[in-house]
Amino acid sequence: MTHADEVDRIVADWERERPDLDFSPLQVLSRVARLSKHLDRERKQAFARSELESWEFDVLSALRRAGAPYRLSPKALLQQTLVSSGAMTNRIDRLVARGLVGRQTDPHDGRGILVEMSPAGLTRVDAAITRLVDAEAELLGSLPPAEQKRLAGLLRKLIVSFEEPA
């Protein structure tokens with residue numbers, strides 16, 4: 001084993017106190033939970049340096065990934081960000097007020113609207129994703145690329161088992 005961490009100490013204590021239980025799930029998932037806290041902190045810092053909140057980044061990055069002209073329907077944004085319709089309306093309103101997106105009439109459906117990212121929104125989201133990728137690369141810096149790839153594959157396998165349709 002390499003260096004012991006807090007999870008090793010916690011599991012050792014539990015194994016001593018409850019030798020009847022298998023604590024191997026804690027070996028993995030307690031570390032994932034702890035890593036999640038580090039990742040959340042790094043993400044908040046990366047977004048804050050770009051003057052964005054996490055939810056703003058979520059909406060703007062969905063628009064950015066759509067490609068030029070960086071425009072999606074509110075329904076498409078809902079599907080990508082997994083928030084309620086009311087929450088999305090509120091988010092769009094707040095992003096419009098900040099000048100990061102605008103509303104356009106859908107040229108294919110005169111009753112519908114499209115949310116389009118402004119140049120200011122594009123500048124902010126591009127800065128934020130650059131900072132995020134740099135911060136996340138630093139978080140993974142202790143693992144060689146081959147181990148990062150293997151870990152990504154294992155985590156994908158685990159997540160797919162939760163996200164597969166029933």
K.L.:
Enter the distance from Arg65:CZ to Ile129:CD1 here, rounded to the nearest 0.5 Å.
P.N.:
8.5 Å
K.L.:
Taking atom CZ of Arg16 as the centre, does the number of heavy atoms from other residues, nucleotides or ligands within less than 6.0 Å exceed 12?
P.N.:
yes
K.L.:
Taking all non-hydrogen atoms of both residues into account, name the closest pair between Ser118 and Gly99 and its distance.
P.N.:
OG-O, 2.6 Å
K.L.:
Would a 4.5 Å heavy-atom cut-off, applied to side chains only, mark Tyr70 and Arg64 as touching?
P.N.:
yes
K.L.:
Would you say Val96 ends up clustered with Leu60 if hydrophobic residues are merged whenever their side chains have heavy atoms under 4.5 Å apart, either directly or through other cluster members?
P.N.:
yes
K.L.:
Within the 4.5 Å heavy-atom criterion, are Leu77 and Asp58 side-chain neighbours or not?
P.N.:
no
K.L.:
Give the minimum heavy-atom separation between Leu78 and Ser84, together with the two atoms involved.
P.N.:
CD2-O, 3.3 Å
K.L.:
Would you say the side chain of Leu100 lies within less than 4.5 Å of the side chain of Leu52, judging by non-hydrogen atoms?
P.N.:
yes
K.L.:
Regarding Arg124 and Glu56, does a basic nitrogen lie under 4.0 Å from an acidic carboxylate oxygen?
P.N.:
no
K.L.:
I want to check something: taking the side chain as every heavy atom from C-beta on, are Asp93 and Arg103 in contact at a cut-off of under 4.5 Å?
P.N.:
yes
K.L.:
Quick one, Leu26 and Arg31 - any side-chain contact, counting heavy atoms below 4.5 Å?
P.N.:
no
K.L.:
Any side-chain heavy-atom pair from Val7 and Phe23 closer than 4.5 angstrom?
P.N.:
no
K.L.:
In terms of hydrophobic clustering (I, L, V, M, F, W, Y; side-chain heavy atoms under 4.5 Å; direct or indirect links), are Leu122 and Val59 co-clustered?
P.N.:
yes
K.L.:
Would you give the length of the straight line joining atom CG of Asn90 to atom OG of Ser85, rounded to the nearest 0.5 angstrom?
P.N.:
11.0 Å
K.L.:
Could you tell me whether the side chain of Asp13 and the main chain of Ile10 form a donor-acceptor pair under 3.5 Å?
P.N.:
no
K.L.:
Determine, using the 4.5 Å side-chain heavy-atom cutoff (strictly less than), whether Met88 and Val115 are members of one ILVMFWY cluster.
P.N.:
yes
K.L.:
Is Asp106 salt-bridged to Arg71, going by a charged N under 4.0 Å from an acidic O?
P.N.:
no
K.L.:
Give a yes or no on whether Leu154 and Leu158 share a hydrophobic cluster (residues Ile, Leu, Val, Met, Phe, Trp, Tyr; joining criterion: side-chain heavy atoms under 4.5 Å apart).
P.N.:
no
K.L.:
How far apart are the C-alpha atoms of Glu116 and Leu72, what are their side-chain angles, what is the distance that settles it, and do they pass the side-chain contact (heavy atoms from CB on, under 4.5 Å) test?
P.N.:
CA-CA 7 Å; Glu116 184 172 335; Leu72 290 171; over 6 Å; no
K.L.:
Cut-off 3.5 Å, no hydrogens considered: what does the side-chain donor-acceptor table look like for residues 32-41, sequence neighbours left out?
P.N.:
residue : atom : partner : partner atom : Å
His38   : ND1  : Arg41   : NH2          : 2.8

K.L.:
Which atom pairs, one a donor and one an acceptor, fall under 3.5 Å between side chains of residues 131-146 and the rest of the protein, sequence neighbours left out?
P.N.:
residue : atom : partner : partner atom : Å
Arg131  : NH1  : Arg49   : O            : 3.4
Arg131  : NH1  : Ser50   : OG           : 2.7
Glu136  : OE2  : Arg43   : NE           : 2.8
Glu136  : OE2  : Arg43   : NH2          : 2.9

K.L.:
Using a 4.5 Å cut-off on heavy atoms from C-beta on, say whether the side chain of Gln79 contacts that of Lys75.
P.N.:
yes
K.L.:
Side chains of Ile113 and Pro74: closer than 4.5 Å at any heavy-atom pair?
P.N.:
yes
K.L.:
Salt bridge or not between Glu6 and Arg9? Use side-chain N to carboxylate O under 4.0 Å.
P.N.:
yes
